[in-house]
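Since we're looking at a predicted model, the values are computed, not measured. Below, each value reflects all heavy atoms present in this structure, side chains not excepted, and no hydrogens, waters or symmetry copies. In what follows, chains carry the letters A, B, and so on, assigned in the order in which the sequence lines appear, proteins first and then strands, with residues in each chain numbered from 1.
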Amino acid sequence: MMSDSAEQPRSVGRLITAKRGRSKLHWSDVFSYVYLGLGVLLMFAPVVWLALSSFKTPAGLLEFPPTLLPLGQISVEVPGYDDPLLMFSTTMEDGSVRELAQVRRIGIVATMLDPNDPDQTFSVPITQNEPIREVRMAWENYSGPLERFNFMSYLWNSVIVTTAATIVTLLINSMAAYGLSIYEFRGRNAIMLFVIGTLMIPITVILVPMYLVVTSMGMVNSLWAVILPGAATPTGVFLLRQYMLTIPKDLIEAARMDKASEWQIYWRVVMPLALPAIAVLAIFSIMWRWNEFLWPLIVLSRSEVYTLQVGLNAFQGELNVQWHYILAMTVVTLIPVVLVFAFLQKFITTGIASSGMK
Amino acid sequence: MPEKNANTSLSDRLTAIAAIPVVLFFRLFEAPFRFVQKIGGLKAMPYIFLLPNLAFFGVFVVVPLFINFSFSFTGGTNIFLSERVYTGTEQYEFLFDCGNYLDPQSCREDRFWKAIFNTMTFVVLQVSSLVALSLVTALILNRKIRARGFFRAVFFFPVLLSPVVVALIWKWILLRDGILNAFLVSIGLERILFFISPEWAMFWAIFVSIWSQMGFYMLILLAGLQAIPPDLYEAAEMDGTSPERVFWRITLPLLWPNLLVVVVLALIKGVQVFDEVFVLTGGGPGTATQFIVQYIYTTGFASSVQNFGLASAASVVLGLVLFVLTLAQLAAVRRKNDV
């Protein structure tokens with residue numbers, strides 16, 4: 001178990017830093033905080049930069065050096081002109097600076113007017129013009145892919161795969177864990193060994209034959225090809241079994257006395273008691289499935305069945321990369337994971353720390 | 001407090017409503033299972049409960065594992081085994097036909113050997129830096145610092161991001177007109193085309209994979225550090241032992257089993273590197289960041305001629321490496337549990 005409290009001073013740190021004199025900081029304290037500060041920057045800044053960039057217009061993204069915030073040029077409606085006019089901060093001949101709207105531009109000379117006094121126009125070289133800009137979010141980066149492309153169907157496919165696979169995983173893994181923890185039977189250890197053995201076979205080693213199996217079952221280019229193969233996870237069985245072993249046998253005996261069937265004991269007695277472990281497995285399963293890439297990339301070759309990850313990869317591999325859409329879609333892909341993490345951080349970190357799995 | 005009661009009963013009611021489909025679902029199976037129990041008796045039940053899971057393992061893991069071997073002894077482009085030609089060990093001979101094993105250029109299948117060399121470079125550099133950084137971070141987070149939970153979360157969250165997202169985040173930073181190049185230009189340096197230079201591409205492949213995985217290993221090491229009994233440190237303090245000595249004599253030996261597990265886990269994952277690097281560099285420039293899994297993927301699935309036999313043979317080679325590493329993992333875990 002991890003403890004958040006810094007109350008138990010049991011670290012080497014305390015010894016290394018054993019403060020010499022109350023107020024003086026030891027060099028290692030300084031080092032620690034500098035390290036952590038840089039760490040926060042390095043871990044967060046890329047994601048923040050992604051989020052900020054995702055609100056920039058295609059023109060804004062092309063700028064070099066890039067601006068920190070998404071900016072858009074201010075424009076004003078001037079009576080007598082049909083289209084809104086773009087605002088510039090213009091350095092006049094006498095050296096004064098005025099905010100003017102551009103009426104038209106011919107070559108390197110722009111015709112400007114003061115929006116407050118639209119009758120008078122000036123001709124200035126465009127080198128004297130500096131656009132006036134304000135923070136403006138390009139929401140169309142987000143709405144665009146939803147309307148055009150198949151982005152909505154990618155999103156939908158990912159949701160279906162994640163939900164269906166998690167349900168199947170929870171059901172069959174909890175059944176197996178129940179069988180392996182509640183009963184004493186011939187071959188139990190052999191099956192346990194078999195389960196641990198399959199834990200050792202990563203998917204990267206059996207890609208080709210898995211593809212054959214999925215093809216023979218006629219599942220290529222259907223979501224089932226992504227949902228089913230990974231549904232039985234040895235880690236899941238292992239995690240649930242360890243938890244179910246702690247359930248007192250008397251409870252099960254008592255239920256049997258009451259003429260409960262084995263299936264009833266499974267879902268009415270054991271499952272509710274194993275809920276914490278099931279929650280952990282559910283979180284992991286959701287993460288695995290939402291983020292899965294290599295296998296969907298292999299079995300899903302038609303864009304209607306792409307999941308988000310495969311779809312994103314296809315977009316970024318296009319000849320004419322539309323970064324403004326890609327960045328926005330990346331943010332959308334990231335949101336569920338961030339939400340899950342924000343709310344369930346404790347579950348996840350203790351789950352990993354205690355089982356050493358990811 | 002009536003208000004609180006109202007709240008709980010509302011949430012209770014919502015839970016009950018949400019549970020209805022679940023309950024109905026499980027009820028559905030009650031009759032068939034009762035029937036099976038009547039016929040087979042209690043003795044049959046564990047097997048019944050295990051059946052679905054084992055069927056999945058069998059169909060999607062065990063059978064494929066054996067088919068993999070048969071595949072690697074066949075040629076042709078048909079996916080169905082019955083339509084494939086038996087070629088004996090030809091695929092393996094092709095893979096291992098080298099003038100000089102230290103020079104990928106001299107091999108008939110130079111892409112394979114390039115991938116092996118790339119993977120070895122990657123694994124050595126990535127795993128050593130990854131473990132060192134995780135250890136330093138865990139040691140610092142184990143100190144008496146403020147806001148430890150916050151810092152732990154900060155280092156951990158990239159673990160949960162999908163490899164595709166991680167790769168796109170960094171690709172956006174590293175592009176020709178990206179923010180990193182803007183920074184370089186602003187301090188008076190030249191722009192660097194990171195994805196054109198083989199060395200830089202490899203560097204960023206390693207960097208990005210460390211960025212996204214470090215939190216996981218840090219967490220395991222932190223758990224290990226917190227499991228070290230505090231009285232050891234107290235005793236050392238009473239004896240006036242120097243902090244360096246405490247680290248080498250107490251912390252490191254007691255953390256060693258955890259460290260070993262972390263190293264082996266990182267090795268197993270490192271050998272299988274694919275996702276984030278594939279999206280980040282596409283294996284390029286040329287084949288500079290093409291790793292063994294990408295070789296399998298390209299050979300078997302992404303080329304116009306799908307060479308399943310060759311891909312299987314390469315998978316078997318990868319499988320053997322992973323098998324050895326897994327034995328090391330088992331030994332490491334056993335040692336950890338013994339201590």
J.: Does a donor on one side chain and an acceptor on the other come within less than 3.5 Å for Tyr35(A) and Thr137(B)?
T.: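 Yes, a side-chain donor-acceptor pair sits under 3.5 Å.
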J.: At a heavy-atom distance under 4.5 Å, which candidate from Met214(B), Arg27(B), Gln272(B) has the highest pair count against chain A?
T.: Gln272(B)
J.: Checking Ser301(A) against chain B: side chain, backbone, both or neither under 4.5 Å from a heavy atom?
T.: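 Looking at Ser301(A), nothing touches chain B.
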J.: On the 0 to 90° scale, with breaks at 30° and 60°, tag the Phe293(A)-Phe274(B) ring pair as parallel, tilted or perpendicular.
T.: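 Judged by the thresholds at 30° and 60°, the geometry between Phe293(A) and Phe274(B) is parallel.
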J.: Determine whether Val164(B) and Thr333(A) satisfy the following criterion, side chain to side chain contact (heavy atoms under 4.5 Å, CB included), listing intermediate values before the conclusion.
T.: CA-CA 10 Å; Val164(B) 179; Thr333(A) 312; over 6 Å; no
J.: What pairs with Glu276(B) under salt bridge (charged side-chain N to carboxylate O under 4.0 Å, His left out), at least two apart in sequence or on another chain?
T.: none
J.: Using non-hydrogen atoms and a 4.5 Å limit, figure out which bit of Val340(A) sits close to chain B: side chain, backbone, both or neither.
T.: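 Neither part, no heavy atoms under 4.5 Å.
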J.: So Arg186(A) and Tyr47(B), do their side chains get closer than 4.5 Å, heavy atoms only?
T.: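 When only atoms from C-beta onward are counted, Arg186(A) and Tyr47(B) do touch, with a gap below 4.5 Å.
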J.: Looking at Met175(A) and Ile48(B), what are the two nearest heavy atoms and their distance?
T.: CE-O, 4.4 Å
J.: Could you tell me which portion of Arg256(A) (side chain, backbone, both or neither) has an atom closer than 4.5 angstrom to a non-hydrogen atom of chain B?
T.: side chain
J.: Looking at Val237(A), Ile326(A), Leu42(A), Val47(A), which one has more heavy-atom pairs under 4.5 Å with chain B than the rest?
T.: Leu42(A)
J.: With a 4.5 angstrom heavy-atom cut-off, is it the side chain or the backbone of Leu175(B) that approaches chain A, or both, or neither?
T.: side chain
J.: At a 4.5 Å cut-off on heavy atoms, which part of Ile182(A) comes close to chain B: side chain, backbone, both, or neither?
T.: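 Neither part, no heavy atoms under 4.5 Å.
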J.: Please classify the contact of Ile167(A) with chain B as side chain, backbone, both or neither, using a heavy-atom distance under 4.5 Å.
T.: neither
J.: Please give me the minimum heavy-atom distance between Met287(A) and Leu160(B), naming the atom from each residue.
T.: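 What the structure gives for the nearest pair is CE-CD1, 4.0 Å.
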J.: Is it the side chain or the backbone of Val59(B) that comes within 4.5 Å of chain A heavy atoms, both, or neither?
T.: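 Both backbone and side chain.
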J.: Report the distance from atom CH2 of Trp170(B) to atom CG of Leu50(A), rounding to the nearest 0.5 Å.
T.: 12.0 Å
J.: Under a 4.5 Å cutoff for heavy-atom pairs, which residue among Ile179(B), Leu318(B), Ile67(B), Val293(B) has the most contacts with chain A?
T.: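 Looking at each option in turn, the highest pair count goes to Ile179(B).
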J.: Looking at every non-hydrogen atom in both residues, tell me the closest pair between Ala176(A) and Leu50(B) and how far apart they are.
T.: O-CD2, 3.6 Å
J.: Can you label the angle between the Phe157(B) ring and the Phe341(A) ring as parallel, tilted or perpendicular, going by 30° and 60°?
T.: tilted
J.: With side chains defined as the heavy atoms from C-beta onward, is the minimum distance between Asp177(B) and Pro66(A) less than 4.5 Å?
T.: no
J.: Please determine, by modelled atom types, if Gln37(B) and Ser261(A) share a side-chain donor-acceptor pair under 3.5 angstrom.
T.: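 Ser261(A) and Gln37(B) do not have a side-chain donor-acceptor pair below 3.5 Å.
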J.: How many angstroms lie between atom CG of Leu322(B) and atom OG1 of Thr204(A), to the nearest 0.5 angstrom?
T.: 6.0 Å
J.: To the closest 0.5 Å, what do you measure between CG (Leu168(B)) and CG (Leu312(A))?
T.: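 One gets 6.0 Å once the value is rounded to the nearest 0.5 Å.
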J.: Measuring heavy-atom distances to chain A, does Val23(B) have an atom under 4.5 Å in its side chain, in its backbone, in both, or in neither?
T.: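 Contact with chain A is through both the backbone and side chain of Val23(B).
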J.: Under 4.5 Å heavy-atom distance to chain A, tell me which part of Phe151(B) shows up: side chain, backbone, both or neither.
T.: side chain
J.: Using a 3.5 Å distance criterion without hydrogens, assess whether the side chain of Trp263(A) forms a donor-acceptor pair with backbone atoms of Phe26(B).
T.: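 Yes; judged by distance alone, with no hydrogens or angles, the pair exists.
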J.: Looking only at heavy atoms, which two atoms of Val205(A) and Asn68(B) are closest? And how far apart?
T.: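 Looks like O-ND2, 2.7 Å.
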J.: Do Phe278(B) and Asn313(A) have side chains that approach each other closer than 4.5 Å (heavy atoms only, starting at C-beta)?
T.: yes
J.: If I measure from the heavy atoms of chain B, does Val213(A) come under 4.5 Å with its side chain, its backbone, both, or neither?
T.: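 It is the side chain, since no backbone atom gets that close.
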J.: Quick check for you: among Val166(B), Thr326(B), Val154(B), which has the greatest number of heavy-atom pairs under 4.5 Å with chain A?
T.: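 Going by pairs under 4.5 Å, I would pick Val154(B).
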J.: If you tally heavy-atom pairs under 4.5 Å against chain A, which of Val261(B), Val185(B), Val63(B), Leu42(B) wins?
T.: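 Ranked by contacts with chain A, first place is Leu42(B).
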J.: With a 4.5 Å cut-off on side-chain heavy atoms, are Phe308(B) and Leu212(A) touching?
T.: no
J.: With a 4.5 angstrom heavy-atom cut-off, is it the side chain or the backbone of Leu308(A) that approaches chain B, or both, or neither?
T.: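 For Leu308(A), there is no contact with chain B at all, as no heavy atom is under 4.5 Å.
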J.: May I have the step-by-step check of side chain to side chain contact (heavy atoms under 4.5 Å, CB included) for Lys43(B) and Tyr183(A), ending in yes or no?
T.: CA-CA 9 Å; Lys43(B) 274 201 165 154; Tyr183(A) 302 102; over 6 Å; no
J.: Heavy-atom cut-off 4.5 Å, strictly under: side chain, backbone, both or neither for Phe323(B) against chain A?
T.: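 Contact with chain A: none, neither part.
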J.: Pick from Leu221(B), Val279(B), Val61(B): which one has the most heavy-atom pairs with chain A under 4.5 Å?
T.: Val279(B)
J.: What pair of heavy atoms forms the shortest contact from Phe56(B) to Ala231(A), and how long is it?
T.: CE2-CB, 3.9 Å
J.: Can you tell me how far apart CG (Leu141(B)) and CG (Leu36(A)) are? Round to the nearest 0.5 Å.
T.: 6.0 Å
J.: Is Met210(A) close to chain B through its backbone or its side chain, or both, or neither, when contacts mean heavy atoms under 4.5 Å?
T.: both
J.: Which region of Phe69(B), side chain (C-beta onward) or backbone (N, CA, C, O), has a non-hydrogen atom less than 4.5 Å from a non-hydrogen atom of chain A, or is it both or neither?
T.: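 The answer is neither part of Phe69(B).
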J.: Distance only, no hydrogens: is a donor on one side chain within 3.5 Å (strictly under) of an acceptor on the other, for Trp267(A) and Glu30(B)?
T.: yes
J.: Let me confirm one number: the CH2-CD distance from Trp172(B) to Gln316(A), rounded to the nearest 0.5 Å.
T.: 13.0 Å
J.: Drop me the distance from Asn53(B)'s CG to Thr169(A)'s OG1, to the nearest 0.5 angstrom.
T.: 9.0 Å
J.: Tell me the closest heavy-atom pair linking Asp29(A) and Arg143(B), and the distance in Å.
T.: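 For Asp29(A) versus Arg143(B), the nearest heavy atoms are OD1-NH2, 3.1 Å.
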J.: Is Leu174(B) close to chain A through its backbone or its side chain, or both, or neither, when contacts mean heavy atoms under 4.5 Å?
T.: neither
J.: Using heavy-atom distances under 4.5 Å, tell me whether Tyr297(B) contacts chain A through its side chain, its backbone, both, or neither.
T.: side chain
J.: Val220(A): what forms a side chain to side chain contact (heavy atoms under 4.5 Å, CB included) with it, not counting sequence neighbours?
T.: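 Counting only residues at least two positions away or on another chain, Val220(A) forms a side chain to side chain contact (heavy atoms under 4.5 Å, CB included) with Tyr211(A), Val214(A), Thr215(A).
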